[in-house]
Amino acid sequence: MTDGLQTAVVIALRHGEAALAGMRRHAVPATPRNYAVWYAYAAGADAELTRTINILISNKQEFTEERNEELFARFIADDPEAGLLKRTGDQLHATLTRVLGFIEQATGSTRAYGDSLEGYSARLGEDEGLERLRETVASLIAETERVVAENRSLELKLTRSSGEIAELRHTLELVQREALTDALTGIPNRKCFEARLRDAATHAMEGGEPLSLLLLDIDHFKRFNDTYGHQVGDQVLRLVARTLTDCVKGRDTAARYGGEEFVIILPQTRLADALRLAEHIRGTMMRCKIVRRESRDDLGSITLSIGVSHYMPGEPLAEMVRRADAALYLAKRKGRNRVISERELAPADVAVGS
């Protein structure tokens, strides 16, 4: 075994031991998924993972099954979009490596040309005959022409590589955007929502700031589809998405949660302020009218049922979402077109809404 391979094995074993020790210290079950998370943490492979686990440890949070799954899903798990991003990133890296090679080649060529000029300069300074002088000048011209030709070739290669890099960068941006955007409404999708909620919770824990969540459902949405067709249903979804986007600002995120459900993440927002915003959204939505595009027929207004919850530092995010869902479910039971806070929930309500 070579010295390099031996060193790599020793480092891997050290990281593995540190991962197992950390799992034992924090009562994390020894499953392959958990081990992958804690090995990456021990190896320092992901700065964001390290920061997240350190925050949880410093806040003396329990590593529950749900939290362990959240860590795995966020930092370790692969998906088709991530695979495409990795392949595109690899192509970009290869192209940049090739460009660096071109630059290194040009640097070497320029250095060699400079050495040649020094040599020719020394020869020109010598007391030589006319024929020898002609040979030196001819060699200098030939060397200059060679360097000019190489530089032209390099310029062409760099121009071509620059185009490849621009295309790959554009591809990366498109893949990232499409992976996190709902195709119908154009707002963030559930995957984007989950990522931003995790980030918002991390910042809330770090800064001791409030964080609230709205879960919204379109009342009687099935009626729009059944009565007027799916095109009208799609129109309703787009209108709701646009209205939610217009009602939020700054660091807030409105996203489509699935079907006719939407969510809004409200960083630095207390529960009371989140309730006021929810009422504003509900009232704004009621004033919107659905009009058939072809005939201009008035198809009525849209109402929303909204559940509101706030983040308890260190809790699994699924609990926060579950309370908002329970509040939404209670709003439906109480007649729809209303806002319900998690503070209005009884323990039985949370069980029913989950």
Side-chain angles (χ1 to χ4, degrees), residues 18-20 22-83 85-86 176 179-180 182 188-215 251-253 255-258 261-269 307 309-328 342 350 353-354:
L20 291 172
M23 293 169 70
R24 285 193 298 270
R25 188 160 50 251
H26 300 289
V28 177
T31 67
R33 294 159 77 95
N34 291 342
Y35 180 76
V37 170
W38 284 83
Y39 184 92
Y41 172 69
D46 188 315
E48 184 65 19
L49 170 63
T50 300
R51 188 167 71 98
T52 300
I53 291 182
N54 285 342
I55 290 172
L56 292 170
I57 293 173
S58 64
N59 283 279
K60 296 181 171 55
Q61 298 302 314
E62 182 182 355
F63 286 87
T64 62
E65 182 179 349
E66 288 181 335
R67 177 166 288 125
N68 292 331
E69 282 302 310
E70 282 180 8
L71 290 171
F72 180 83
R74 179 178 181 185
F75 297 105
I76 306 298
D78 245 334
D79 55 36
E81 288 87 357
L85 283 171
K86 184 178 185 304
Q176 289 172 327
L180 300 175
D182 178 62
N189 60 15
R190 183 165 180 167
K191 177 181 290 186
C192 182
F193 155 72
E194 291 172 347
R196 292 191 183 180
L197 183 61
R198 286 191 294 265
D199 289 340
T202 299
H203 288 301
M205 280 198 299
E206 285 182 332
E209 299 169 345
L211 169 64
S212 295
L213 179 71
L214 307 186
L215 185 55
R251 297 170 59 184
D252 302 342
T253 298
R256 187 179 179 191
Y257 194 63
E261 287 189 332
F262 294 81
V263 285
I264 300 179
I265 304 170
L266 300 171
Q268 300 178 335
T269 305
S309 64
H310 79 290
Y311 180 58
M312 298 178 183
E315 71 170 338
L317 294 178
E319 291 298 325
M320 180 189 188
V321 175
R322 186 175 292 120
R323 290 195 303 279
D325 183 57
L328 169 62
E342 66 174 17
V350 179
S354 61

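Applying the ring pair (Phe, Tyr, Trp, His ring centres under 6.0 Å) rule to pairs touching residues 192-214 yields Phe193-Tyr257, sequence neighbours excluded. The list of ring pair (Phe, Tyr, Trp, His ring centres under 6.0 Å) pairs with a residue in residues 44-69, not counting sequence neighbours, reads His26-Phe63, Trp38-Phe63.
Looking only at distances, a side-chain donor or acceptor of Ser212 sits under 3.5 Å from a matching main-chain atom of Thr269. Without hydrogens or angle criteria, Asn34 side chain to Pro29 main chain gives a donor-acceptor distance under 3.5 Å. Side-chain atoms of Ser309 come within 3.5 Å of backbone N or O of Met320 as a donor-acceptor pair.
Smallest separation of non-hydrogen atoms from Pro316 and Thr64: CG-OG1, 3.9 Å. Of all non-hydrogen atoms in Ala19 and Ala42, the two that sit nearest each other are N-CB, 3.9 Å. Among all heavy-atom pairs drawn from Gln268 and Arg251, the shortest one is NE2-NH1, 2.8 Å. Nearest heavy atoms, Asn189 versus Ala255: O-CB, 4.0 Å.
Under the 4.5 Å side-chain criterion, counting only non-hydrogen atoms from C-beta, Met205 is in contact with Leu56. Proximity of Thr52 to Phe75: side-chain heavy atoms (C-beta onward) are separated by under 4.5 Å at one or more points. You'll find the side chain of Leu197 reaches within 4.5 Å of the side chain of Val321, heavy atoms only. You'll find the side chain of Leu20 reaches within 4.5 Å of the side chain of Tyr35, heavy atoms only. Inter-residue side-chain proximity for Val37 and Leu49 is flagged as met; some heavy-atom pair is nearer than 4.5 Å. Residues Pro188 and Thr253 have side chains in contact (heavy-atom distance under 4.5 Å, counting atoms from C-beta outward). Taking the side chain as every heavy atom from C-beta outward, Asn68 and Arg33 never approach each other to under 4.5 Å.
The residues Arg51 and Glu48 are annotated as salt-bridged, a charged nitrogen and a carboxylate oxygen being separated by less than 4.0 angstrom. Residues Arg322 and Glu66 are paired through a salt bridge, judged by an N-O separation under 4.0 Å between the basic side chain and the carboxylate.
To the nearest 0.5 Å, the span separating CG on Asn54 from CD on Glu206 amounts to 10.5 Å. The structure places NZ of Lys191 at 13.0 Å from CG of Asp182, a figure rounded to the nearest 0.5 Å. Here the CG-OG1 distance, from Leu317 to Thr202, works out to 8.0 Å after rounding to the nearest 0.5 Å. Here the straight-line distance linking atom CD of Glu65 with atom OG1 of Thr31 works out to 9.0 Å at 0.5 Å rounding. Of the inter-residue distances, the one linking His310 atom NE2 with Leu211 atom CG reads 9.5 Å to the nearest 0.5 angstrom. Leu214 contributes atom CG, which lies 4.5 Å from atom CG of Leu266 (distance to the nearest 0.5 angstrom).
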